There are 2 protein chains.
Amino acid sequence: MSTAASPQGARAPFFRSRWVPAPDHVFEQVDAPLPAGFRAAGVACAIKPSGDLDLGLLVCDAPEVTSAARFTRSGTLAAPVLLCQERCRLDGLRAVAVNAGNANAATGRPGLDAAAHMQGAAAVIAGVPEDRVAVASTGVIGVPLPGEKVIAGLRAAGERLAPQGADDLAEAIKTTDAYPKRAALRVELSGGPVQLSAQAKGAGMISPAFATLLCFVQTDAGLEPATADLLLGVCVKRSFDRISVDGQLSTNDTVILQCSGRSGVKVAPESEDEVRFGEALDALLRQLALLIVADGEGASRIGRVVVYGGEPGSVEACARAVANSPLVKTALHGADPNWGRIVQAAGRALPDTSPLALDVSIEGVSVCRRTQAAEFDRAALAQAVRRPEVEYVIQLPGEGAETEVFFSDLSHEYVTINAEYTT
Amino acid sequence: MSTAASPQGARAPFFRSRWVPAPDHVFEQVDAPLPAGFRAAGVACAIKPSGDLDLGLLVCDAPEVTSAARFTRSGTLAAPVLLCQERCRLDGLRAVAVNAGNANAATGRPGLDAAAHMQGAAAVIAGVPEDRVAVASTGVIGVPLPGEKVIAGLRAAGERLAPQGADDLAEAIKTTDAYPKRAALRVELSGGPVQLSAQAKGAGMISPAFATLLCFVQTDAGLEPATADLLLGVCVKRSFDRISVDGQLSTNDTVILQCSGRSGVKVAPESEDEVRFGEALDALLRQLALLIVADGEGASRIGRVVVYGGEPGSVEACARAVANSPLVKTALHGADPNWGRIVQAAGRALPDTSPLALDVSIEGVSVCRRTQAAEFDRAALAQAVRRPEVEYVIQLPGEGAETEVFFSDLSHEYVTINAEYTT
């Protein structure tokens, strides 16, 4: 599977956003296999009408594997998410079976049965207990999962499992994604180098048509389950929890970290290496999150809104309101430094607080002070907002609280993608 | 000012939505003057670069006038809203001065001064006390209001005040509105007929570029201030509070009801006529609200989502999530009965409640039962969702709570309007 044409192609540095500097002890690996102990495969089993790869299998050969997982909080969870939460040893997952093209969501009891069959088949093929197999799906909502295709696909994938299978796995989980999202990193710890890799998909926080956020992370470092859970939790909060393409929560979001321990290097709790490994995982997930925003449906630009103020609830509400405002998103698309829309969104987020004194800057240029126009060089700012990344900083009254959200612009193509798709 | 070409043209019935049946005792008035006691005018004072009408003045000649008002709850209130709330006798407003093309929002202390000057000039011209004059503005945020133009415009408007001035007033408050929105009704009460008229604008709940919801209502019925406040409050909750074009709250929304009493017919508290007048006001504001949604930026279709369930908070959150979902709105635009997106939006609105049992019907066709696909005639439904009004009904678990939200679709034109406007 070639990725040469994609932005992640072998020669392009993975850490490309100014908002995600690569830590000094993290190095990109080109054409690297999966970390020691892992094999993967991606095959086509005809769930996607296009005939593209649509089924992936990921297996850890180390019985001593540890793992951690995070899922969407939607009130309408897809069957695979319900199954993982109810019937998996989430701290010791050996394998992941995943399909694209069908979300197995809003499929009722038959959907749960289909997810269980998928889990059972993958367990047999991987040679591990059922409760050590996570399942994940992404694609259209409300259509029964074609179980026989999935089982046939898992059999084919089982025969192709290989340490070089990450590319095919990343390809097999794509839906409306324009390109696969993956990385292979070397992380220098005090005990020696470890490998860290990930495959992700998503072209919206959710488009129930064809997209959903999935991310699978592997390492040959040795982490206790509690350490894996702690680090994944913190890093997901700083990455996938801070992005929005369309403000829509998926029924299927799933993030899984597996640690084989096969490098022989352990990441002990509260050690310097825990910090170093955490920094690497943080950078990895943040860059993947930004790739998902950049590949957001119809997106041409990424915005980052940073909000400072006195109350955690207020800065969060304000940042979300700005990131999800169609007026801010269309202004980002049109390269219009329209700070009035930022003021409006903040006012919406914080009702009954008028008069609210706001400072706003765009790309470092102060455009609004105490909710009133500031003098600035319009021509220079007009140029700055045409770049691929645009930063908005909002100061609310008070201090001590701070948050950020990354978001995509709203374009004609978003409307085309989502209005012209038909169930 | 001709309205012959608009959907509200003289020959078109005002009550045109199936969701707003005209009460039996309410009759549309064609080419009627304002209710007795009212005069209005609209002039051009060069705030709008187009040279179109952009300043309106509305005066009630009855000193015994009663009134009521409602405003946006934004945390970044525009200067005219702050002024009205702080310095007006809202239960006895004699006059309203309004401009379009500039919102006088995020304009600081100078903006408050400009609003005060506007109020003072209108008071002199109308010959009433300052605190009996409401001011309202709509247009671009963050640009100083050109006070001299406003004063000159008010002078010109003062010379043109006339009972026939409602058309010009409705025209002068337009921003991105494709057409003016107004109505003149006769309401049969037990004490005799009264007149009820209104002029409104809005092409989004808000676009801070050029739109905001304003609505001025006049009647020659006699209402005590408490009755006017009660009826306006209830009717706004059932109309302007239940619509969304883009989910954005304005800095400037203002609704004012004035009652001259000049018909000699009184609407007594807790009387049958209070009910009849309330029904008329309710129908008037609901139809105006639907006109605003229909004229929403880029809109081609109106959706109505009705949610039933056991908890008021849950039905409200679910209805808002559906109405503001860009995925639901693009599906409405594309005439796609995509119920999976409804399930996703409901799940987003009600996190951590999975598995949530939902029933969904579209245009009376059951498409999803207990969060699972139902059998239905796809061809018939595909036809039904191509009509100008599409209804979604969602049943959450439980009963006793119910709400509705009206919303527009999301189109390429919305993106064009909002991405190509430049501050």
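Not measured: the values here are computed from a predicted model. Naming convention: chains lettered A, B, ... in sequence-line order (proteins, then strands); numbering from 1 in each chain.
R348(A) places no side-chain N or O within donor-acceptor distance of the main-chain N or O of T76(B), the cut-off being under 3.5 Å. Q344(B) places a side-chain N or O within donor-acceptor distance of the main-chain N or O of L249(A), the cut-off being under 3.5 Å.
With a threshold of 4.5 angstrom between heavy atoms, T72(B) does not approach chain A through any atom at all. Heavy atoms closer than 4.5 Å to chain A are found in both the backbone and the side chain of S325(B).
Minimum interatomic distance between G142(A) and W339(B) (heavy atoms only, all atoms of both residues): CA-CH2, 3.4 Å. The minimum heavy-atom distance linking Q248(A) with P326(B) is given by the pair NE2-CD, 3.5 Å.
You'll find the side chain of N418(B) stays beyond 4.5 Å of the side chain of K329(A), heavy atoms only. When side chains are defined from C-beta on, S354(B) counts as touching L82(A), because their heavy atoms get closer than 4.5 Å. Under the 4.5 Å side-chain criterion, counting only non-hydrogen atoms from C-beta, V415(A) is not in contact with Y414(B). Side-chain contact check for Q372(A) versus T107(B): every heavy-atom pair is 4.5 Å or farther apart.
How far CZ of R109(B) is from CZ of R370(A): 13.0 Å, rounded to the nearest 0.5 Å.
The greatest number of non-hydrogen atom pairs below 4.5 Å with chain B, out of L358(A), V81(A), L356(A), V367(A), is found for L356(A). Chain B forms more heavy-atom pairs under 4.5 Å with one residue of A349(A), A335(A), P351(A) than with any other, namely P351(A). No other option in D352(A), T353(A), T371(A), D409(A) has as many heavy-atom pairs under 4.5 Å with chain B as D352(A).
Atom CD of E311(B) has 12 or fewer heavy atoms from other residues, nucleotides or ligands within 6.0 Å.
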